[in-house]
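Data first, discussion second: the structure below is written as structure tokens.
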Amino acid sequence: MEEQTLTQPVKSESAETEASAHMEQPDARATSDPLAVMGDFVDPNEVTDAARAIHAAGYTDFDIYTPYPVHGLEKAMGMKKTILPFFSLGGALFGLGNAIFLQWWTGTLHYPLNIGGKPFFSPWFGMPVMFELTVLLCALTTAVVMFGLLCKLPQWHNPFQKDAGFRRAVDDTFVVVIEAKDQRFTVDSATNLLEKLGASNVRLVNV
Amino acid sequence: MSVKFSENQFDLKDSSFVKKLELTGIGLFVVGGIASLVAALVLEEHAWEAFLESYLYAYIYVLGITATCMFFSALQFLTNAGWSALVRRVAELFTPFIFVIAIGMLPIIFDVLTSHHLYHHWLDPQAHEVGNEHYDPVIVGKSWYLNPTFFCVRLIAYVLVWLAMYFVIVKNSFKQDTSADDQSPTRKNKVLSAIFVMLYALSTTFAAFDLIMSLDPHWFSTMFGVYFFAGNFVTTLSLIAIFTVLLKEGGYLPQITSEHYHDLGKFMFAFTVFWTYIGFSQFMLIWYANLPEETLFYQERLHHGWQYFFYALIVFHFIVPFSALLSQKAKRNPRVLIGVGLLIMVMHAIDLAWYIMPSFSPHGFRYRLLDLGLLLLFAGLFLFWAARQYKSHKAVAVNDPFMRESLELVS
């Protein structure tokens, strides 16, 4: 999928003009390999119910794209809990350790300076730096791991973007996507399921 | 959109919960009363003075919680909070104790006007006499603020503010229970809570200055009011969390879910950190500047045995609750909430003892039976008073406009 994506440049303008005719006329660029089945919802509660049903039907490789965060959706989808907090904790502890070591080593061993008769090292004056470095490295680790490692960003192109209806996920539509890489995926079963759940504009998107 | 509950739901009048609460209250009151009597009459040489010191300590413990429960309620109105509609009444049913708090101010006012024990430092006439060996220019300089008349006027003003807060915010909240369609009490509270949150901040800050900081009139810290608030707020949140868990586990509030636990847990977690942050900021600035008039406070509180309370606070008021509540799972676990909540409530008693009592006993650690006895007596009265409220009010603000949001809460 990745290689094919690279060989197909994004043609955003033409895709938009083709939007209305998408269902009737298959995209000329499209191959016959299915990528995903998509369906639209307009109500956040309905899409949450649909997510619960799709999860209950046994699908794992499906996702829901929403214009804004919908509370409870991740639970309805049966998503596993993220391992991100452990990276955050690791980053925080690393920052804390660094701050203690840096202040203790520079203050007492490497270059001891007598400042106003204060001790060379004390947890009391060291606390703000410990706090700051803990928070800083915790935040940086979280951001980098979340975007880079877990969300695999930046990603310049996603084949879903060929589907004009998919773009409305950033505007006013909740788009449910059942991907072809799912073990249970067949075009018919996915289409039937989405239609049964009340999705409108159920469509097959090819690679 | 209002939610219909059945007529008798949340009516705990005849429930075993209220009976148990009442019995616990009476039990603590009796045990505390006997302990205090024995301690005051047998163990203490100067019974009245000893009583006043312990009384101030125990009184401030319940005062802080009662006033902060009203603040909690006002805060929910002010922020249009939806999550707390099921929980808010738990806090509000503690607030009628404000009448006891109002009357409880009398012994302190009596002491200021006649027996001059608690605040003898700045009440001492010799300190104001030029040429006297006890002449104290610092106290003379502060006498425009620290004089018996103004002091008593201020104490009465704080009590009036808290009573007004009860009669406006809490009473309006109770009024909403009678009508689902007329939402004017909630709407009124939204505006009034903005005013009362500010009045609460001013009154508790200055109450902390007057009741606690002026015990040692040479010392001053602008952080002190916030520190007092931070301790009170985390203790109040713990109390609310404990009662919410007890009501849910007892089957009286089946609508409470782990989402509500999660929000309460987050609140407790955040404010243990806030308490630590404020406490540390106050300490570090004084430690670093090293000015004699400021360090005196910590000089007394970090020596002669008082330092063990200080270390206990760092470990059990911060490190243990912080670690225990860090994970999401723990915040959603009712046992963790109860355990950490009780720990915080005990540590708040230690915290108060640590910053109040050294003013009376700077050269030696002291935690007397009388301190504990009066604390238990007040705690018992507080619980008994709360149990009485469940007989005349429902345990939930049934007609709260945000009830649906709270019922469907996903945090």
Side-chain angles (χ1 to χ4, degrees), chain A residues 43-49 51-52 64 66 68-93 95-96 99-100 103 107 113-135 138-139 141-142, chain B residues 1 82-83 223 257-260 262-263 265-266 269-270 272-292 294-295 298-299 301-302 307 310-311 313-315 318-319 322-333 402 404-411:
Chain A
D43 186 277
N45 294 324
E46 276 175 29
V47 84
T48 310
D49 292 339
R52 208 169 283 125
I64 297 171
T66 60
Y68 53 84
V70 178
H71 277 303
L73 192 57
E74 75 285 359
K75 274 180 202 131
M77 290 169 66
M79 279 174 76
K80 271 188 294 185
K81 266 191 74 173
T82 169
I83 54 162
L84 186 60
F86 295 98
F87 283 100
S88 307
L89 184 65
L93 292 177
L96 179 66
I100 295 172
Q103 293 181 89
L113 270 179
N114 185 341
I115 302 167
K118 291 276 182 274
F120 291 122
F121 177 73
S122 156
W124 304 129
F125 70 68
M127 201 72 81
V129 176
M130 292 179 208
F131 172 77
E132 296 295 345
L133 269 186
T134 308
V135 172
C138 176
T141 318
T142 308
Chain B
M1 210 179 340
W83 72 274
M223 295 292 270
T257 63
S258 53
E259 308 288 340
H260 297 93
H262 193 180
D263 277 353
K266 279 189 266 190
F269 177 74
T272 43
V273 179
F274 182 71
W275 173 87
T276 315
Y277 169 64
I278 297 298
F280 179 74
S281 303
Q282 179 173 275
F283 172 76
M284 196 198 71
L285 289 180
I286 290 174
W287 181 87
Y288 214 107
N290 210 9
L291 301 172
E294 287 179 347
T295 46
Y298 286 104
Q299 177 67 28
R301 281 156 186 79
L302 289 175
Q307 73 270 31
F310 179 77
Y311 299 138
L313 284 174
I314 295 176
V315 176
F318 174 60
I319 295 175
F322 180 88
S323 323
L325 288 174
L326 190 59
S327 86
Q328 198 182 59
K329 232 186 209 153
K331 294 189 194 87
R332 290 169 162 265
N333 184 338
F402 291 104
R404 166 137 292 162
E405 199 179 323
S406 188
L407 288 172
E408 293 173 0
L409 176 71
V410 178
S411 62

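Quick note on labels: first sequence line is chain A, next is B, and so on, each numbered from 1.
The line from CD of B/Glu259 to NZ of A/Lys75 is 4.0 Å long, rounded to the nearest 0.5 Å. Taken to the nearest 0.5 Å, the CZ atom of B/Phe280 stands 10.5 Å off from the CZ atom of A/Phe131.
Counting heavy atoms from C-beta outward, B/Met284 and A/Pro128 have side chains that approach closer than 4.5 Å.
Ranked by heavy-atom pairs under 4.5 Å with chain A, the list B/Trp287, B/Phe283, B/Tyr288 is led by B/Trp287.
Residue B/Tyr277 places its OH atom among 12 or fewer non-hydrogen atoms of other residues, nucleotides or ligands, all under 6.0 Å distant.
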